[in-house]
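A quick write-up on the structure given underneath.
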Amino acid sequence: MFPMEPVMFLSSMYDSNSFSFGFGGSASARCAAIEAELCYLPNFSGHEIVVYAEGRCVVITGYVEREIDFYRALNIAHDIAGADKVVFRVSLGTAASA
């Protein structure tokens, strides 16, 4: 038997500049994509982050400890769902102040 080789999620055969992940998909697919991206961010200080669909919009709630993580999460949401389809309710601070 041959060992299994890792499979890439996205094919490297295509130009990544022409790839648009979230546009045109359902709101639940955009939520899943945003959650996946946030889970794999290195050194992300987000806590109690919840991503859900409300109508045609994606709503993100929770809090982050650092300002850079606030903008990282916001940019990911805008890139995947589109800036006009994101309701971003993430607070900057600790759990006690959120």
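The figures that follow rest on heavy atoms only: side chains count, while hydrogens, waters and symmetry mates do not. These numbers were taken from a predicted model, which means no experiment stands behind them.
For Leu41, the side-chain contact (heavy atoms from CB on, under 4.5 Å) partners two or more places apart in sequence, or in a different chain, are Leu38, Phe44, Arg72, Ile76. For Arg56, there are no salt bridge (Lys or Arg N to Asp or Glu O under 4.0 Å) partners two or more places apart in sequence or in a different chain. Residues satisfying the side-chain hydrogen bond (donor to acceptor under 3.5 Å, both in side chains) test with Ser28, not counting sequence neighbours, are Ser26. Every residue two or more places apart in sequence or in another chain that forms a ring-ring contact (aromatic ring centres under 6.0 Å, His included) with Phe88 is listed here: Phe70.
Considering every non-hydrogen atom in both Ile49 and Gly62, the closest pair reads CD1-CA, 4.0 Å. Looking at every heavy atom in both residues, Ser45 comes nearest to Arg66 through OG-N, 3.2 Å. Shown here for Val86 and Ala77, the closest heavy-atom pair between the two residues is CG2-O, 3.6 Å. The two atoms that bring Gly55 and Ala27 nearest to each other are O-CB, 4.0 Å, heavy atoms only. Residues Gly46 and Val64 share a closest heavy-atom pair of CA-CG1, 3.7 Å.
Interatomic distance, CD of Glu48 versus OG of Ser91, reported as 10.0 Å (0.5 Å rounding). Here the CZ atom belonging to Arg30 is positioned 6.0 Å from the NZ atom belonging to Lys85, to the nearest 0.5 angstrom. Taken to the nearest 0.5 Å, the SG atom of Cys31 stands 8.0 Å off from the CD1 atom of Ile60. Interatomic distance, Asp79 CG to Ile34 CD1, rounded to the nearest 0.5 Å: 9.5 Å.
Residue pairs meeting the side-chain hydrogen bond (donor to acceptor under 3.5 Å, both in side chains) criterion with at least one member in residues 35-44: none, sequence neighbours excluded.
Val50 belongs to a hydrophobic cluster whose remaining members, ordered by chain and number, are Tyr52, Val59, Val87; membership requires side-chain heavy atoms of ILVMFWY residues under 4.5 Å apart, directly or through intermediates.
No donor-acceptor pair under 3.5 Å is formed between the side chain of Thr61 and the backbone N or O of Arg89.
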